[in-house]
Amino acid sequence: MASTEASRSLPKSRRDPEGRALRQDKFSVLLPTYNERENLPLIVWLLVKSFTESVINYEIIIIDDGSPDGTREVAEQLEKIYGSDKILLRPREKKLGLGTAYIHGMKHATGNYIIIMDADLSHHPKFIPEFIRKQKEGNFDIVSGTRYRGNGGVYGWDLKRKIISRGANFITQILLRPGASDLTGSFRLYRKEVLQKLIEKCVSKGYVFQMEMIVRARQLNYTIGEVPISFVDRVYGESKLGGNEIISFLKGLLTLFATT
Amino acid sequence: MTKLAQWLWGLALLGSTWAALTMGPTLGLELPLTCREVLWPLPAYLLVTVGCFALGTVGYRVATFNDCEGAALELQTQIQEARADLARKGLRF
Ligand SMILES: Nc1nc2c(ncn2[C@@H]2O[C@H](COP(=O)(O)OP(=O)(O)O)[C@@H](O)[C@H]2O)c(=O)[nH]1
Ligand SMILES: [Mg+2]
């Protein structure tokens with residue numbers, strides 16, 4: 001009896017014991033897409049499932065860059081199915097890159113937290129409730145998914161790719177000491193104002209952008225929590241980053257090393 | 001201070017300490033001969049040790065990199081579920 005009394009008299013702002021999201025919290029998911037016709041309905045379905053099961057207030061913002069495969073048309077169907085308060089279409093005419101897609105999407109976000117993830121099913125929405133729990137637990141500014149810690153991992157990578165990934169991660173950790181174990185991953189939760197500030201500060205493009213976000217976050221003394229995630233390589237469609245990925249990674253790493 | 005500057009400072013500090021100790025006699029600083037014999041090749045030893053540590057760490061992490069078979073299987077079944085449910089909701093793929 002005494003314990004129920006005690007918990008009843010707790011201040012209203014205290015989070016509940018399971019660390020569930022507060023009622024007034026809203027999570028905006030930014031989904032940049034380019035040629036993701038096959039993946040988009042599946043990722044949206046998984047997102048809706050995850051959010052409804054955990055009773056989380058959400059919206060999904062789809063930023064399609066004029067994909068020639070008709071991603072936009074599928075997105076419009078999804079908007080009809082799930083309602084335009086849940087699925088927001090904010091397309092752009094042509095492929096303008098990932099970094100600006102986030103900026104564009106964020107302008108339309110009404111949530112107080114922003115979740116950034118890929119639409120290619122390599123990031124599973126089942127981890128989002130864990131991100132939220134983690135955020136509440138430490139009152140973090142950023143929660144980053146990590147493939148390199150705990151139960152985190154990958155699927156569909158051969159030995160060569162694992163060596164490159166682990167090697168690149170090791171060098172990055174030594175040179176930048178960023179305070180987070182997965183710099184190149186892009187499955188993260190941010191406080192909205194934190195993301196806004198970071199995006200203003202970040203200058204790099206493409207792949208390096210994700211790295212710079214964490215490095216700047218450390219500079220600005222933002223706190224970062226981590227949740228292990230399993231990264232399942234895309235099943236449908238193909239990666240848009242490739243070719244000179246390693247070269248641009250090294251360039252970006254050295255730039256950050258010399259300038260931050 | 002940038003990370004690059006931090007590294008340069010650290011290396012300069014280590015380097016000059018080492019140089020001062022090995023060049024000891026010329027600076028009037030007398031170290032026993034055995035000490036100097038150990039000191040002289042120290043940077044080379046250090047380099048090899050660091051290299052081995054790096055290779056060992058990366059090797060260990062590659063070997064213990066989780067293969068998420070379970071996650072991949074789960075995703076496959078969920079994709080089937082999603083397809084069926086979305087088709088029921090009227091989505092034309
Ligand atoms: N809007 C938009 N989305 C993009 C662009 N380039 C990539 N994407 C999306 O960003 C996510 C990650 O891209 P992906 O090619 O899978 O990169 P990878 O996972 O690093 O190989 C996917 O959801 C893509 O559809 C772009 O120029 N504009
Ligand atoms: Mg991908």
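A note on names: the letters A, B, ... follow the listed sequences, proteins ahead of strands, and every chain is numbered from 1. Since the model is a prediction, treat every value here as computed from it, not as a measurement.
- Using a 3.5 Å distance cut-off with no hydrogens or angles, the side chains of Gln78(B) and His124(A) do pair a donor with an acceptor.
- At most 12 non-hydrogen atoms from other residues, nucleotides or ligands lie less than 6.0 angstrom from CZ of Arg72(A).
- Across all non-hydrogen atoms, the minimal contact from Gln77(A) to Arg92(B) is OE1-N, 2.8 Å.
- In this pair, Phe65(B) and Trp157(A) present their aromatic rings perpendicular. The plane angle is above 60°, beyond the 30 to 60° band.
- Most heavy-atom pairs under 4.5 Å with chain A: of the set Leu75(B), Thr2(B), Ile79(B), Asp67(B), this distinction falls to Thr2(B).
- Between Lys126(A) and Glu74(B), the closest side-chain pair of non-hydrogen atoms falls below 4.5 Å.
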Self-check item: Step-by-step side-chain contact (heavy atoms from CB on, under 4.5 Å) determination, Trp7(B) to Ile174(A)
Solution: CA-CA 10 Å; Trp7(B) 271 85; Ile174(A) 296 277; 3.5 Å; yes

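- For Ser230(A), the parts lying under 4.5 angstrom from a heavy atom of chain B are both the backbone and the side chain.
- Among all heavy-atom pairs drawn from Leu78(A) and Leu86(B), the shortest one is CD2-CD2, 4.2 Å.
- Heavy atoms of Gln219(A) lying under 4.5 Å from chain B are absent altogether.
- Rounding to the nearest 0.5 angstrom, the gap separating the CG atom in Leu256(A) from the CG atom in Leu4(B) is 12.0 Å.
- Open room surrounds CG on Asn151(A); 12 or fewer heavy atoms of other groups in view lie less than 6.0 Å from it.
- The part of Ile81(A) that comes within reach of chain B is its side chain, from C-beta onward, which places non-hydrogen atoms under 4.5 angstrom from that chain.
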Under 3.5 Å, which donor-acceptor pairs link side chains of residues 38-46 of chain A to any protein atom two or more places apart or in another chain?
{"residue": "Asn39(A)", "atom": "ND2", "partner": "Glu36(A)", "partner atom": "OE1", "Å": "2.8"}
{"residue": "Asn39(A)", "atom": "ND2", "partner": "Tyr236(A)", "partner atom": "O", "Å": "3.2"}
{"residue": "Trp45(A)", "atom": "NE1", "partner": "Asp85(B)", "partner atom": "OD2", "Å": "2.6"}

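- Contact of the Lys80(A) side chain with the Lys89(B) side chain is not registered, since no non-hydrogen atoms from C-beta on lie closer than 4.5 Å.
- Interface residue Gln76(B): only side-chain heavy atoms are found under 4.5 Å from chain A.
- Your options are Gly70(B), Ala71(B), Gly59(B), Gly90(B), and the one with the most heavy-atom pairs under 4.5 Å with chain A is Ala71(B).
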Quiz item: Hey, mind stepping through Val154(A) and Asn66(B) against side-chain contact (heavy atoms from CB on, under 4.5 Å) and telling me if it holds?
Solution: CA-CA 6 Å; Val154(A) 293; Asn66(B) 276 337; over 6 Å; no

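- Heavy atoms from other residues, nucleotides or ligands lying under 6.0 Å from NZ of Lys86(A) number more than 12.
- A donor-acceptor pair is defined here as one N or O able to donate and one able to accept, closer than 3.5 Å; no such pair exists between the side chain of Glu69(B) and the backbone of Tyr155(A).
- Residues of residues 42-58 of chain B lying under 4.5 angstrom from chain A, judged on non-hydrogen atoms, are Phe53(B), Ala54(B), Thr57(B), Val58(B) by number.
- For the residue pair Leu176(A) and Lys3(B), the shortest heavy atom distance occurs at O-CE, 3.0 Å.
- In this structure, the separation between CD1 on Ile229(A) and SG on Cys68(B) is 9.0 Å, given to the nearest 0.5 Å.
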